[in-house]
Amino acid sequence: MNTLDIHYFRLPSILHNLGVARSTLYSLIKTGLFVRPIKVSRVSLWPVPEIQLLMAAHAACKSDFEIRELVKQLEVDRKSGAGIWAPNHK
């Protein structure tokens, strides 16, 4: 998979899949329990693989500390081109 193969969720899909209000989502982002969106023009996008990792962490009953660490790592990977952003990631 390369970065061009990554699909994205838009805000309505995130809210529906999580079952939360917009204010709750942004509160989660502010407290480090959810990844920040990627802004394209005025549209907020979340990479599907990142959301899948977060949902799996929640399903595995990870602690808030572990979720925050995952969120930090995902955002570092985004900036550095590592993880799901690596050109040869599968």
| Would you say the side chain of L18 lies within less than 4.5 Å of the side chain of I51, judging by non-hydrogen atoms? | no

| Taking the side chain as C-beta and beyond, is there a heavy-atom pair between I29 and P37 under 4.5 Å? | yes

| note | Value for CD (E75) from CG (L70), rounded to nearest 0.5 Å, stands at 10.0 Å

| message | Within the structure provided, determine whether D64 and L33 are in side-chain contact (heavy-atom separation under 4.5 Å). | response | yes

| task | First locate atom CD1 of I67, then atom CG of L28, and finally report the distance between them rounded to the nearest 0.5 Å. | result | 10.0 Å

| Should L54 and E50 count as side-chain neighbours, where that means a heavy-atom distance under 4.5 Å? | no

| said: Using every non-hydrogen atom in the two residues, find where N17 and M55 come nearest and quote the distance to one decimal. | reply: O-CE, 4.0 Å

| What distance do Q52 atom CD and H7 atom NE2 have between them, rounded to the nearest 0.5 Å? | 10.5 Å

| task | Under the side-chain contact (heavy atoms from CB on, under 4.5 Å) rule, collect the residues that match up with A21, sequence neighbours excluded. | result | S23, T24

| query | Are L74 and R78 close enough, and set up right, to give a side chain to side chain contact (heavy atoms under 4.5 Å, CB included), and what steps lead you there? | reply | CA-CA 6 Å; L74 290 171; R78 250 191 221 174; over 6 Å; no

| query | According to a 4.5 Å side-chain heavy-atom criterion applied to Ile, Leu, Val, Met, Phe, Trp and Tyr, with indirect links allowed, do V40 and Y8 form part of one hydrophobic cluster? | reply | yes

| Can you list every side-chain hydrogen bond (donor to acceptor under 3.5 Å, both in side chains) pair that touches residues 31-48, not counting sequence neighbours? | K39-S44

| said: As an exercise, state the distance from NE2 of H58 to CZ of F34, rounded to the nearest 0.5 Å. | reply: 7.5 Å

